[in-house]
Amino acid sequence: MTRMHPEFDTGEMDLEERQALRRVAGLSTELVDITEVEYRQLRLERVVLVGVWTSGTAVDAENSLLELKLLAETAGSQVLEGLVQRRQKPDTATYIGSGKAQELLDVVESTGADTVICDGELTPGQLRQLEEIVKVKVIDRTALILDIFAQHAKSREGKAQVELAQLQYLLPRLRGWGGNLSRQVGGRAAGGVGIGGRGPGETKIELDRRRIRERMAKLRRQISGMSVARETMRSHRTAREVPAVAIAGYTNAGKSSLLNRLTGAGVLVEDALFATLDPTVRRSRTPEGRLFTLADTVGFVRHLPHQLVEAFRSTLEEVAESDLILHVVDGSHPDPEGQIAAVREVFADIDGALDVPEIIVVNKADAAPQETLDRLARRFGQDSIVVSARTGAGIGELMRLIEERLPRLDHEVHLLVPYERGDLISRAHKEGEVLSVVHEADGTILHARVLPSLFQELEKVGKPVERVS
């Protein structure tokens, strides 16, 4: 049966390791040339947030900036101020317009901020021109999320995926130390190649771009090779016809907590965005004893960078290959419907994900307003359930709902199985639904519902009960 833990492991050792070394605000050396920022690790300390409100209500704009604040704090920074500007569309030159950029400069100087974070993906030109005006480092939402992923990736595959996404983001934004990358290689500067090596040659920035492309190609090959192991494990589960359930949802909705509650996996749990990136697959059983696998996937967020979706595609395929999706939603969030829409937007980028049956699991019922829970129940009806991974409320009902929604076992057997084939009886308990077992002198009478592959093997060795004398 499923292991229920009143005080289940939440990855305390991983959490202790992560908190062992933290950034300390204010202990940093300012660089004179702000164009160096792409060549340093992102150093987020005292930041000002800036957003452009182009559509929706004022509450939507504030919620988006609040999420940016949580992202910035997860990355290790101290948020000093948050500003939102109402515009039809972002300014093509400075994102917020030259006048507002001057006002932003005043805010940066008055607060002593050293970083400005924009709630959107900025073009290389917007980044450069806004930095020239505010005189401090400017990063966008995409760079912020990539930095968090770089901090939290632990597995070899996860680190390679994050590095690939970072290089994809960096390539069009490549700049260097002043004119350092504008030097051209030719003549003797080319290493004394002589004839054929003279002339304007290749600029250093072009050399760096070529090296980045070569590194990206190598990472893609590595990720492709590592995905083979994932495919092998997935095909093994498919061959044994063990149903697969994927846990997906918005970041910090409680996916890892739910996995721990259902399986006792001991995955790290932290009240932070993108706390866990590496997928975890564990086995569990329905109340009737049917075996299935649970896979925890990477969390999603509004405007998840397309570089990450592309880099984590092999991981996200766990969702499309599953038989059922547990779509975890934070019931205590101000806009849970917006979270659901953002997750389904990412599902749309994964072939086949929208076709998989889905259960909306409204988590954090112990902290959510009853009005929100009632609203979600009315909207999603039979396809939703309210739980609390922290207290365990609703977990039993969730397991029964999972059992109802898993693919049905379409072969019923009533056979006498010889004792020497006890391995088939064991498989029936693990993979099927055993209705009754009776031990006789010459074998075991098995009455069960099983999958086609096991049915064929039982048919070969078993005798129908009606023929037993």
Side-chain angles (χ1 to χ4, degrees), residues 23-148 169-170 172-173 175-179 273 302-303 305 334:
R23 290 187 175 96
V24 179
L27 301 181
S28 62
T29 303
E30 291 297 332
L31 298 177
V32 177
D33 186 356
I34 60 171
T35 60
E36 296 182 25
V37 296
E38 272 83 8
Y39 290 87
R40 295 178 289 145
Q41 182 180 1
L42 288 175
R43 174 190 43 77
L44 307 179
E45 294 174 346
R46 298 167 59 82
V47 303
V48 173
L49 310 180
V50 180
V52 173
W53 169 23
T54 58
S55 61
T57 65
V59 175
D60 294 334
E62 290 175 2
N63 285 339
S64 181
L65 208 65
L66 178 61
E67 183 175 271
L68 188 68
K69 173 180 179 290
L70 295 175
L71 287 167
E73 290 175 344
T74 301
S77 65
Q78 177 186 0
V79 178
L80 305 177
E81 189 72 74
L83 308 171
V84 176
Q85 185 197 12
R86 186 73 167 98
R87 295 179 65 95
Q88 289 186 344
K89 61 180 182 179
D91 182 67
T92 56
T94 61
Y95 183 65
I96 55 176
S98 56
K100 293 298 181 183
Q102 290 294 334
E103 294 181 24
L104 178 60
L105 172 60
D106 295 336
V107 173
V108 168
E109 291 177 344
S110 63
T111 58
D114 57 13
T115 303
V116 171
I117 304 178
C118 297
D119 191 17
E121 184 167 338
L122 274 60
T123 66
Q126 288 172 327
L127 277 171
R128 183 178 64 256
Q129 293 189 53
L130 194 55
E131 279 181 345
E132 290 174 355
I133 294 174
V134 299
K135 309 300 182 185
V136 295
K137 180 176 63 174
V138 176
I139 66 170
D140 58 13
R141 182 188 181 92
T142 300
L144 177 60
I145 294 175
L146 290 173
D147 181 66
I148 297 171
Y169 173 81
L170 172 63
R173 295 167 176 82
R175 289 181 288 154
W177 294 278
L273 307 188
R302 285 182 182 87
H303 312 301

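Index from 1, following the sequence. Owing to the predicted nature of the structure, the values given are computational and were not obtained by experimental measurement.
The backbone N or O of A72 sits less than 3.5 Å from a side-chain atom of S77, completing a donor-acceptor pair. With hydrogens and angles ignored, the 3.5 Å screen pairs a side-chain donor or acceptor of S110 with a backbone N or O of V107. Using modelled atom types, no side-chain atom of Q129 and backbone atom of Q126 make a donor-acceptor pair closer than 3.5 Å. Proximity of a side-chain donor or acceptor of R87 to a complementary backbone N or O of V52 within less than 3.5 Å is not detected. With hydrogens and angles disregarded, no donor-acceptor distance shorter than 3.5 Å links the side chain of E81 to the backbone of V48. Side-chain N or O atoms of T74 include one that pairs as donor or acceptor with a backbone N or O of L70 at under 3.5 Å.
Looking at every heavy atom in both residues, A143 comes nearest to Y169 through CB-OH, 3.6 Å. The two atoms that bring A113 and V136 nearest to each other are O-CG1, 3.8 Å, heavy atoms only. Residues C118 and V138 share a closest heavy-atom pair of SG-CG1, 4.1 Å. The shortest non-hydrogen separation linking V134 to V108 is O-CG1, 4.3 Å. Closest heavy-atom contact between E73 and V79: CG-CG2, 4.2 Å. Heavy-atom minimum distance, T111 versus R46: O-NH2, 2.9 Å.
Note: L83 CG to L65 CG = 8.0 Å, rounded to the nearest 0.5 Å. One finds the CD atom of E109 at 10.0 Å from the CG atom of L104 (value rounded to the nearest 0.5 Å). The CD1 atom of I139 lies 10.0 Å from the CG atom of L146; values are rounded to the nearest 0.5 Å. Interatomic distance, CD of E132 versus CG of L127, reported as 11.0 Å (0.5 Å rounding). Distance check: S55 OG to Q88 CD gives 11.5 Å after rounding to the nearest 0.5 Å.
L68 pairs in a side-chain contact (heavy atoms from CB on, under 4.5 Å) with only one of the listed residues (N63, D119, V50, V47), which is D119.
Two residues are said to be in side-chain contact when any heavy atoms from C-beta on lie closer than 4.5 Å; V84 and L49 fail this criterion. No side-chain heavy atom of I96 sits less than 4.5 Å from a side-chain heavy atom of P90. Within the 4.5 Å cutoff, the side chain of T123 has no heavy atoms near those of the P172 side chain. The closest side-chain heavy-atom distance from I117 to T115 is below 4.5 Å.
Every pair passing side chain to side chain donor-acceptor pair (under 3.5 Å) that includes a residue from residues 90-102 is listed here, sequence neighbours excluded: D91-T94.
The residues R173 and E121 are annotated as salt-bridged, a charged nitrogen and a carboxylate oxygen being separated by less than 4.0 angstrom. With respect to the salt-bridge test (charged N to carboxylate O, under 4.0 angstrom), the residues E67 and R141 qualify.
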